[in-house]
Chemist: 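A single structure is presented below for examination.
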Amino acid sequence: MPRETSFEDLIAEGAAAPVEGWAFDWLAGRATEERPPWGYARLVAARMAGVDAALDIDTGGGEVLAEAPHPPPLLVATEAWPPNVLVARANLAPLGASVVAVKGDAPLPFRAAAFDLVVSRHPVRTDWPEVARVLRPGGTFLSQQIGPGTVRELSEAILGPLPPPAHRHPEHAVAAAQAAGLTVVDLREATLRTVFHDIGAVVWFLRKVIWTVPGFTVAAHRPALRRLHDRIRAEGTFVAHARRFLIEARA
């Protein structure tokens with residue numbers, strides 16, 4: 001963005017841009033994030049080609065699933081946020097996938113042992129007993145999850161110092177998977193450099209990734225946004241670090 005663009009104009013842009021779906025194209029030229037080395041979308045596409053029935057939990061706008069060139073005969077996705085359901089149905093229609101609107105804390109609306117493969121990218125939470133229930137014997141759960149303290153630097157820039165993160169630790173996911181009767185066969189972790197070039201990108205990101213600053217609004221957090229804007233102007237960028245882990249478990 002041009003350096004002369006005002007604080008008010010930047011936050012207005014970030015506040016007005018749509019956030020439906022789970023694509024981040026709006027940030028092109030305004031923010032970047034390193035990708036995990038394992039290539040989650042490629043892994044999912046490869047697994048989809050070798051099964052008969054698959055489920056994507058918390059599909060967002062279906063963006064990752066839509067990249068699978070050889071979908072299985074039965075392909076289902078779930079999504080809890082109503083605006084995303086419409087986006088996902090449009091994105092996944094060419095694959096013949098069904099998108100089921102669900103409530104976030106409700107059990108999965110599928111019979112037991114219905115799927116060979118269950119996948120989930122950045123789930124809000126993982127209901128491990130439900131994942132185990134809908135997997136067929138020998139089936140696989142593959143998920144890329146948000147790690148503890150992800151983009152913590154950004155959270156603290158808005159909220160101030162925070163206590164150590166208590167949730168989303170990979171070892172907790174492993175223990176929960178095992179408690180549900182699954183066998184964890186792969187666990188990988190990555191720390192990814194995330195760079196914001198203007199405060200408009202920050203505003204849009206906080207509106208979309210709502211757990212970064214719970215209850216975020218421009219009005220409530222304007223002083224902190226102004227301080228961060230001045231810091232970006234002085235330093236050129238604001239750098240945070242996203243944390244991700246890949247977990248694979250078998251029924």
Chemist: Say whether L187 and W128 are linked into one hydrophobic cluster, either directly or through other cluster members, by side-chain heavy-atom distances under 4.5 angstrom.
Modeler: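 Linked, L187 and W128 end up in one cluster.
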Chemist: Would you say that E248 contacts R47 through its side chain, given a criterion of any heavy-atom pair below 4.5 Å between the two side chains?
Modeler: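 In short, these two side chains touch, coming nearer than 4.5 Å.
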Chemist: Consider only side-chain heavy atoms of I, L, V, M, F, W and Y, link residues closer than 4.5 Å, and tell whether I158 and I146 are in one cluster.
Modeler: yes
Chemist: So, the side chain of D116 versus the backbone of A53: is there a donor-acceptor pair under 3.5 Å, distance only?
Modeler: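 Yes; judged by distance alone, with no hydrogens or angles, the pair exists.
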Chemist: Out of the candidates V102, V100, D127, L55, only one should pair with L108 under the side chain to side chain contact (heavy atoms under 4.5 Å, CB included) rule; please name it.
Modeler: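 Output: one option passes, namely L55.
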Chemist: Enumerate, atom names and distances included, each donor-acceptor pair closer than 3.5 Å involving a side-chain atom of residues 210-222, sequence neighbours excluded.
Modeler:
{"unit_1": "T212", "atom_1": "OG1", "unit_2": "V209", "atom_2": "O", "d": "3.0"}
{"unit_1": "T217", "atom_1": "OG1", "unit_2": "A220", "atom_2": "N", "d": "3.0"}
{"unit_1": "H221", "atom_1": "ND1", "unit_2": "T217", "atom_2": "N", "d": "3.4"}
{"unit_1": "H221", "atom_1": "ND1", "unit_2": "T217", "atom_2": "O", "d": "3.1"}
{"unit_1": "R222", "atom_1": "NH1", "unit_2": "E8", "atom_2": "OE1", "d": "3.1"}
{"unit_1": "R222", "atom_1": "NH1", "unit_2": "E8", "atom_2": "OE2", "d": "2.9"}

Chemist: For T150, check side chain to side chain donor-acceptor pair (under 3.5 Å) against everything at least two apart and list the hits.
Modeler: R244
Chemist: With a 4.5 Å limit on heavy-atom distance, are the side chains of L75 and M48 in contact?
Modeler: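 When only atoms from C-beta onward are counted, M48 and L75 do touch, with a gap below 4.5 Å.
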Chemist: For W81, what residues pass the ring-ring contact (aromatic ring centres under 6.0 Å, His included) criterion, not counting sequence neighbours?
Modeler: none
Chemist: Counting C-beta onward and ignoring hydrogens, is there a side-chain heavy-atom pair between N91 and V99 closer than 4.5 Å?
Modeler: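 SC-SC contact between N91 and V99 ruled out.
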Chemist: Please say whether the positively charged group of R136, taken as NZ for Lys or CZ for Arg, lies over the ring of F115, i.e. under 6.0 angstrom from the six-membered ring centre and within 45 degrees of the axis.
Modeler: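 Here R136 fails the 6.0 Å and 45° test against F115.
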Chemist: Sequence neighbours left out, cut at 3.5 Å: what donor-acceptor pairs do the side chains of residues 59-71 make with other protein atoms?
Modeler:
{"unit_1": "T59", "atom_1": "OG1", "unit_2": "D56", "atom_2": "OD2", "d": "2.7"}
{"unit_1": "E63", "atom_1": "OE1", "unit_2": "W22", "atom_2": "N", "d": "3.3"}
{"unit_1": "E63", "atom_1": "OE1", "unit_2": "G61", "atom_2": "N", "d": "3.0"}
{"unit_1": "E63", "atom_1": "OE2", "unit_2": "W22", "atom_2": "N", "d": "2.7"}
{"unit_1": "E63", "atom_1": "OE2", "unit_2": "A23", "atom_2": "N", "d": "3.4"}

Chemist: Using the test salt bridge (Lys or Arg N to Asp or Glu O under 4.0 Å), find all partners of D58 that sit at least two apart in sequence or belong to another chain.
Modeler: none
Chemist: Please name the pair of heavy atoms, one in P72 and one in V51, separated by the smallest distance, quoted to 0.1 Å.
Modeler: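 In this case the closest contact between P72 and V51 is CB-O, 3.2 Å.
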Chemist: Kindly work out whether a path of hydrophobic side-chain contacts (I/L/V/M/F/W/Y, heavy atoms less than 4.5 Å apart) joins L206 to L192.
Modeler: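 Unlinked, L206 and L192 end up in two clusters.
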Chemist: Can you list, by chain and residue number, the hydrophobic cluster partners of V239 when the side-chain cut-off is 4.5 Å?
Modeler: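 Its cluster partners, ordered by chain and number, are V195.
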Chemist: If a pair satisfies salt bridge (Lys or Arg N to Asp or Glu O under 4.0 Å) and one of its residues is in residues 150-165, list it, with sequence neighbours excluded.
Modeler: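 Passing the test, one end in residues 150-165: R152-E156.
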Chemist: Any ion pair linking D198 and R233 (charged N to carboxylate O, less than 4.0 Å)?
Modeler: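 Not counted as a salt bridge, because no side-chain N and carboxylate O are separated by less than 4.0 Å.
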Chemist: Side-chain contact, heavy-atom cut-off 4.5 Å: F7 with L225?
Modeler: yes
Chemist: Given 3.5 Å as the limit, does a donor-acceptor pair link the side chain of K208 with the main chain of G21, or not?
Modeler: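 Present.
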Chemist: Any side-chain heavy atom of L246 within less than 4.5 Å of one from Y40?
Modeler: yes
Chemist: Using the side chain to side chain donor-acceptor pair (under 3.5 Å) criterion, which residues pair with R243? Sequence neighbours excluded.
Modeler: none
Chemist: Using residues 160-185 as the side-chain source, report each donor-acceptor pair under 3.5 Å to any protein atom, sequence neighbours left out, with the distance given to one decimal.
Modeler:
{"unit_1": "R168", "atom_1": "NH2", "unit_2": "V124", "atom_2": "O", "d": "2.9"}
{"unit_1": "H169", "atom_1": "NE2", "unit_2": "P165", "atom_2": "O", "d": "3.0"}

Chemist: Could I get the full list of side chain to side chain donor-acceptor pair (under 3.5 Å) partners for R35, not counting sequence neighbours?
Modeler: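 R35: side chain to side chain donor-acceptor pair (under 3.5 Å) contacts with E33.
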Chemist: Within the structure provided, determine whether T194 and E34 are in side-chain contact (heavy-atom separation under 4.5 Å).
Modeler: no
Chemist: Are W204 and F24 an aromatic pair by the rule of ring centers under 6.0 Å?
Modeler: yes
Chemist: Over all heavy atoms of both residues, which pair between F238 and L228 is shortest? Give the atoms and the distance, please.
Modeler: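 Taking every non-hydrogen atom into account, CD1-CD1, 3.5 Å.
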Chemist: Go through the steps for L74 and D52 under the test side chain to side chain contact (heavy atoms under 4.5 Å, CB included), then give the verdict.
Modeler: CA-CA 6 Å; L74 176 63; D52 294 323; over 6 Å; no
Chemist: Assess whether atom CZ of R193 is packed by more than 12 heavy atoms of other residues, nucleotides or ligands within 6.0 Å.
Modeler: no
Chemist: Can you sort out the partners of D186 under side chain to side chain donor-acceptor pair (under 3.5 Å), two or more places apart, ordered by chain and number?
Modeler: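 So D186 forms a side chain to side chain donor-acceptor pair (under 3.5 Å) with R188.
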Chemist: Would you call F141 and S120 a side-chain contact if the rule is heavy atoms closer than 4.5 Å?
Modeler: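 Heavy-atom side-chain distance check passes, below 4.5 Å.
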Chemist: With a 4.5 Å cut-off on side-chain heavy-atom distances among I, L, V, M, F, W and Y, is there a chain of contacts connecting L142 to L92?
Modeler: yes
Chemist: Output every pair passing salt bridge (Lys or Arg N to Asp or Glu O under 4.0 Å) with a member in residues 73-102, not counting sequence neighbours, ordered by first then second residue.
Modeler: none
Chemist: Does any part of the side chain of H122, heavy atoms only, come nearer than 4.5 Å to the side chain of Q145, both counted from C-beta?
Modeler: no
Chemist: For residues V44 and I57: do they belong to one hydrophobic cluster (side chain heavy atoms under 4.5 Å, members Ile, Leu, Val, Met, Phe, Trp, Tyr)?
Modeler: no
Chemist: Tell me if the CZ atom of R125 is crowded by more than 12 foreign heavy atoms within 6.0 Å.
Modeler: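 Yes, because the 6.0 Å sphere around CZ of R125 holds more than 12 heavy atoms from other groups.
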Chemist: So, for P83 and E20, which heavy atoms are closest and what is the spacing to 0.1 Å?
Modeler: CB-CG, 3.5 Å
Chemist: Nearest 0.5 Å please: distance from the CD1 atom of I199 over to the OG1 atom of T5.
Modeler: 13.0 Å
Chemist: Taking atom CG of L154 and atom NE2 of H241, what is their separation to the nearest 0.5 Å?
Modeler: 12.5 Å
Chemist: What closest approach, in Å, do G14 and W26 show between heavy atoms, and which atom pair accounts for it?
Modeler: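 Minimum heavy-atom contact is CA-CH2, 3.8 Å.
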